[in-house]
Amino acid sequence: MLEPSQQPKRTLRVMSGRAFVSTDVPMCLHRIVELQDVRLQVRMGLYENMVDALINSQVDFCFLGEPIYHPRVRLVEFPDDAIDLVVPATHPFAHDFPGIRAIATEPFIAFSDSTAPFRKRVTMLLAKHDLFPEVRMELDSIDGIKAMVSQGLGVSLLPRRTLVDASSKGYVAIPIADEAFRRPTLLAYPDILEDEPLTKQFIEVVSEHYQHQARFHHDPSV
């Protein structure tokens, strides 16, 4: 009221799954607040929640590991993320991994339930190798899965970008010798925001983030 010419702060509304919110989202938000005077509203959600939020323009951006195909949603694709095998640091596979078929008899710790997109992707990839491991437990927390693995309760398959704390948490991440073991990395936003300056700037921030990640990890697929 005292300064009517002053514009109110724009709120940047971001939604993400658990994997992205613990890795890429904080870094991207740190950079955008350095460039723009914005408020931040961040929440986690399942894939179906994010689809609804985007279609109804309830969020500005969603970080996704699977695409959304809808005429009112725009997608920006970034380098894929590898899916690695995660085993306890004391497991024989940590020193000599004979190949993906060796996990057939290992108890498996699965991320989320059988309807989740990442879980479906992992199940499909294993099925192509005729692998149907015994699921000992299901958890919707990646940090929880890593803790269970480090205690020797089973093995798992998780996105590589979430595994930077392997040495300190007592587990080992093992790359799979099959290039199909990857998942998409996408940023989605409602089409009505396509021409907004903040939209373009945030896309640029996220693009720079993933370019840096690719250089840091020397990912040959990029």
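Counting from 1, the numbers follow the sequence of the chain as shown.
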Below 3.5 Å, can you tabulate the donor-acceptor pairs from side chains in residues 62-71 to any protein atom, sequence neighbours excluded?
from: Glu66; atom 1: OE1; to: Arg121; atom 2: NH2; distance (Å): 3.0
from: Glu66; atom 1: OE2; to: Arg121; atom 2: NE; distance (Å): 2.5
from: Glu66; atom 1: OE2; to: Arg121; atom 2: NH2; distance (Å): 3.1
from: His70; atom 1: ND1; to: Arg72; atom 2: N; distance (Å): 3.0

In chain order, what residues pass the side-chain contact (heavy atoms from CB on, under 4.5 Å) check against [X], with sequence neighbours excluded?
X	result
Ser167	none
Val21	Ser16, Val42, Met44
Asp96	none

Problem - Donor-acceptor under 3.5 Å (Thr123 side chain, Arg119 main chain) - result: yes

If every non-hydrogen atom of [X] is compared with every non-hydrogen atom of [Y], which pair is closest and at what distance?
X	Y	value
Phe181	Ile100	CZ-CG1, 4.2 Å
Pro175	Arg160	CB-NH2, 3.6 Å
Ile192	Ser57	CD1-OG, 3.5 Å
Ile142	Leu158	CG2-CD1, 4.2 Å
Ile83	Ile176	O-CG1, 3.7 Å
Leu153	Met137	CD1-CE, 4.1 Å

Does [X] come within less than 4.0 Å of [Y], counting only side-chain N to carboxylate O?
X	Y	value
Asp60	Arg10	yes
Lys200	Glu194	no
Asp80	Arg183	no
Asp165	Lys146	yes

Exercise for the section: Dump the intermediate steps for side chain to side chain contact (heavy atoms under 4.5 Å, CB included) on Leu12 and Gln41, then the final yes or no. Expected result: CA-CA 6 Å; Leu12 183 65; Gln41 184 184 90; over 6 Å; no

Pairwise distance [atom1]([X]) to [atom2]([Y]) - rounded to 0.5 angstrom:
X	Y	atom1	atom2	answer
Met124	Lys128	CE	NZ	4.5 Å
Leu186	Arg74	CG	CZ	14.5 Å
Gln213	Thr185	CD	OG1	10.0 Å
Leu157	Leu85	CG	CG	5.5 Å
Gln201	Gln36	CD	CD	4.5 Å
Phe61	Arg13	CZ	CZ	10.5 Å

Exercise for the section: Test side chain to side chain contact (heavy atoms under 4.5 Å, CB included) on Arg161 and Tyr210 and set out the steps. Expected result: CA-CA 11 Å; Arg161 293 191 191 112; Tyr210 283 117; 3.7 Å; yes

Exercise for the section: Evaluate side chain to side chain contact (heavy atoms under 4.5 Å, CB included) for Tyr189 paired with Ile203, printing each intermediate quantity in order. Expected result: CA-CA 10 Å; Tyr189 59 95; Ile203 292 171; 3.6 Å; yes

Is there a side-chain contact between [X] and [Y] in this structure, where contact means two heavy atoms from C-beta onward sitting under 4.5 Å apart?
X	Y	answer
Ile32	Leu198	yes
Val59	Val14	no
Pro117	Tyr47	yes
Thr11	Val38	no
Asp140	Leu46	no
Val172	Val86	no

Which donor-acceptor pairs under 3.5 Å do the side chains of residues 107-115 make with protein atoms, sequence neighbours left out?
from: Asp113; atom 1: OD1; to: Thr115; atom 2: N; distance (Å): 2.9
from: Asp113; atom 1: OD1; to: Thr115; atom 2: OG1; distance (Å): 2.6
from: Asp113; atom 1: OD1; to: Ala116; atom 2: N; distance (Å): 3.3

Handout entry: Pair Arg182-Asp81, salt bridge (charged side-chain N to carboxylate O under 4.0 Å, His left out): steps then yes or no
Key = CA-CA 5 Å; Arg182 307 187 71 84; Asp81 193 12; 6.0 Å; no

Fill in the blank from the handout: Residues passing the ring-ring contact (aromatic ring centres under 6.0 Å, His included) test with His91, sequence neighbours excluded, are Phe93

Can you hop from [X] to [Y] via hydrophobic side chains spaced under 4.5 Å?
X	Y	result
Phe132	Val135	no
Met15	Phe202	no
Leu163	Phe20	no

Handout entry: Side-chain H-bond candidate by donor/acceptor type, Glu34 with His30, under 3.5 Å
Key = yes

Practice task
Check the pair His209 / Cys28 against side chain to side chain contact (heavy atoms under 4.5 Å, CB included), numbers first and verdict last.
Solution key: CA-CA 7 Å; His209 167 73; Cys28 293; 3.7 Å; yes

